[in-house]
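To keep things clear, I will list the structure first and then write my remarks on it.
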Amino acid sequence: MENTLEIKGLEVSVKTEGNSVRILGGINLEIERNESVALVGESGSGKTMTAMSVMQLLPKNISADRGEILLQGRNILAMNEKELREMRGTAAGMIFQEPSSYLNPLFTVGSQIAEAVKEEKGNRKEKVMRILKDVELKSSAYYQYPHQLSGGMQQRVMIAMALINNPALLIADEPTTALDATTAYGIIELLKKMMAKYGLSVLFITHDISLAASFAKRIGVMYAGRLVEISDAGKIIDKPLHPYAERLIDCLPERYNKGERIKTIEGSVPDFKKLPRGCPFQPRCSYKKEVCTQKEPGEMNVEGRIVRCFRYGNLSENG
Amino acid sequence: MKIFMARLKHANRVSYLSLWILAVLYALAILADCLAPYPYEQQNRQYALCPPTVPSVIKDGKIHRPFVYGIDIVNPAFKEYSRDTAKIYPVVFFTKGPARKILGLFPSERYLFGAPGGKIFLFGTDLHGRDVFSRILYGARISLSIGIIGVSISFILGLLIGGISGYFGGKTDAVLMRLVEIIMMFPFFYLMLALRAAFPPNLSSIQVYLLIVVILSLIGWASLARIIRGMVLSLKEEEYVLAARSLGISSFRIITRHILPNTLSYTITALTLSVPGYILGESALSLLGLGIQEPHASWGNMLSVTIGNLRILTGAPWMLIPGFFIFITVISFNFLGDGIRNVVDPKNW
């Protein structure tokens with residue numbers, strides 16, 4: 001099946017007054033049509049940067065140095081500003097963490113969704129009304145201002161805006177983090193429905209691995225700007241391969257009995273300016289070997305799962 | 001619009017009142033031809049600096065139809081007049097007078113009111129014996145429109161240039177902001193004079209009018225552009241701007257629709273606050289003989305006669321009435337701006 005999104009060897013760095021700090025190191029990721037892939041990881045692990053690279057909405061001092069991002073077969077990194085503008089909205093849409101601040105407070109919901117419509121012909125209002133129905137909002141929401149809606153409704157409006165031009169890919173950057181649990185559930189269910197209805201592919205970004213598992217087909221675990229493991233959602237929860245993924249899953253509260261102390265991962269995410277030698281996770285890793293401090297592990301294919309760790313495969317192959 | 005009015009009334013009664021005052025003033029300006037008892041250029045040399053003759057309705061303790069008393073010229077050299085109670089002239093509606101065209105279209109000899117045989121100077125007369133009331137009505141056309149048109153031009157310029165400068169940043173920003181600084185570097189008044197002096201003095205009054213509007217707005221946009229740029233610098237980091245970009249909306253649309261409207265609460269106040277500046281700017285030019293030329297009337301050039309003339313200030317205070325109108329207009333615009341700011345801010349609903 002044709003992949004909606006293919007990221008190949010993406011490297012992104014921040015340029016500050018002569019210095020260049022790499023924040024994404026060699027991301028490889030494919031998303032098939034109608035597939036949902038979740039990216040999980042701690043804050044600062046590069047999840048949002050990966051998403052922003054796909055939309056090419058990176059801040060001015062951050063840019064992709066190497067690699068390719070193919071969206072429906074077209075390389076985004078080679079597009080000019082006009083093509084990018086055309087791509088945004090029609091090929092890929094995006095929703096964000098805090099819906100209230102991503103809506104312009106001055107205009108009604110209807111006019112903001114209508115503004116996103118790219119087609120010149122046809123009745124815009126009709127189209128907006130249809131998508132409002134799709135995201136399960138009342139048609140009266142058309143005339144309301146963002147502050148008159150609840151957080152969940154605002155997120156539905158964001159989804160309506162992102163999907164009104166029928167994009168192939170939806171990037172959801174922590175869409176439920178700012179919402180309470182029941183509202184979040186509603187949004188997740190809605191995203192699933194939208195996927196089924198529009199044949200949408202979703203890149204779902206979250207720091208909650210159990211939420212990722214409940215929504216996505218595959219999960220990518222990110223650490224220090226690297227995708228350290230990509231596996232099917234069920235498999236990664238049952239038997240994580242990468243030590244970091246293992247520790248993350250070890251932290252899930254539902255794995256503990258009442259009163260039991262939850263394990264945490266010691267240490268913190270390394271500073272991008274002084275990444276440790278070798279594997280970036282090595283200082284916090286309990287399986288650390290000599291080789292881990294020497295060089296960085298490459299991608300290994302273990303039973304159809306991708307993992308970047310020296311525990312798997314033989315060393316020569318991994319070099 | 002109806003909702004807007006209701007909200008304005010609710011938010012701030014003074015600004016609601018100001019809106020009506022301004023509406024009446026603008027209506028007076030538009031209907032000047034119909035309301036004024038005399039043509040603005042008609043001179044009554046023997047009645048120069050004549051005090052107001054207000055119609056009264058009581059004569060010898062009895063109610064009488066509205067009339068004005070006759071005016072006796074006591075001393076023409078010192079412009080001394082007295083009321084001649086022996087002569088009365090009833091006020092007549094739709095009276096005949098010199099022919100003129102209403103709104104420049106419909107020829108008419110009828111005037112809304114007048115006192116045939118006598119003189120009806122509601123606000124007195126000026127140095128040439130012209131009716132101040134009529135001239136205020138005609139002057140309102142220039143004074144009130146110069147503010148609106150001038151402000152519109154300079155605000156469109158200021159918003160767009162400030163918006164572009166702030167949004168794109170970099171070289172665009174540097175070039176535009178240096179341009180702004182060059183304009184702001186010159187003192188406002190001298191720049192205005194220099195620009196006006198660059199054009200020939202013998203222009204027709206419509207040319208002068210357009211020239212003043214253009215000059216005032218070419219000076220006025222700079223400071224606004226700088227403030228707008230500053231606001232855009234922070235607004236462009238807002239998340240809804242990022243969301244709009246993620247939807248593939250063009251930069252121009254993002255600036256005009258998502259960024260600039262969010263400067264409205266500031267812009268509207270600045271807008272209403274700068275209308276008076278244009279009215280005063282016009283009067284300053286008129287004072288120096290570079291503005292609207294006699295016999296055409298503007299509040300500014302009517303008022304300018306009084307400046308530096310103590311005799312007029314003390315002996316003919318009605319000559320200051322245009323100043324009162326400027327004052328009312330200015331303060332109404334300020335209150336209105338305040339009210340609109342409350343109304344357009346969704347947080348206050």
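What you see below is based on every heavy atom in this structure, not just the backbone, and it leaves out hydrogens, waters and symmetry mates. Order of the sequence lines sets the chain letters (A, B, ...), proteins ahead of strands, with each chain counted from 1.
Using a 4.5 Å heavy-atom cutoff, the side chains of Glu115(A) and Ile249(B) are in contact. Inter-residue side-chain proximity for Glu238(B) and Ser101(A) is flagged as unmet; no heavy-atom pair is nearer than 4.5 Å. Contact check for Pro105(A) versus Asn262(B): side-chain heavy atoms found under the 4.5 Å cut-off. Under the 4.5 Å side-chain criterion, counting only non-hydrogen atoms from C-beta, Phe96(A) is in contact with Ser246(B).
Taking a 6.0 Å sphere around NZ of Lys133(A), one finds it holds 12 or fewer heavy atoms contributed by other residues, nucleotides or ligands. Atom CZ of Arg226(B) has 12 or fewer heavy atoms from other residues, nucleotides or ligands within 6.0 Å. Open room surrounds CZ on Phe335(B); 12 or fewer heavy atoms of other groups in view lie less than 6.0 Å from it.
For the atom pair CG (Leu57(A)) and CZ (Arg245(B)), the distance works out to 5.0 Å, reported to the nearest 0.5 Å. The CZ atom of Arg257(B) sits 6.5 Å away from the CD atom of Gln112(A) when rounded to the nearest 0.5 Å. The line from CG of Asp173(A) to CG of Leu242(B) is 9.5 Å long, rounded to the nearest 0.5 Å. Taken from CG in Leu247(B) to CE in Met158(A), the straight-line distance is 7.0 Å, to the nearest 0.5 Å.
Heavy atoms of Met55(A) lying under 4.5 Å from chain B belong exclusively to its side chain. For chain B, the nearby part of Lys60(A) is the side chain; its heavy atoms alone come within less than 4.5 Å. The part of Leu103(A) that comes within reach of chain B is its backbone (N, CA, C, O), which places non-hydrogen atoms under 4.5 angstrom from that chain. Interface remark: Met87(A) contributes no atoms to any contact with chain B (heavy atom separation under 4.5 Å).
For the set Pro146(A), Ala92(A), Ser100(A), Ser111(A), the entry with the most heavy-atom pairs within less than 4.5 Å of chain B is Ser111(A).
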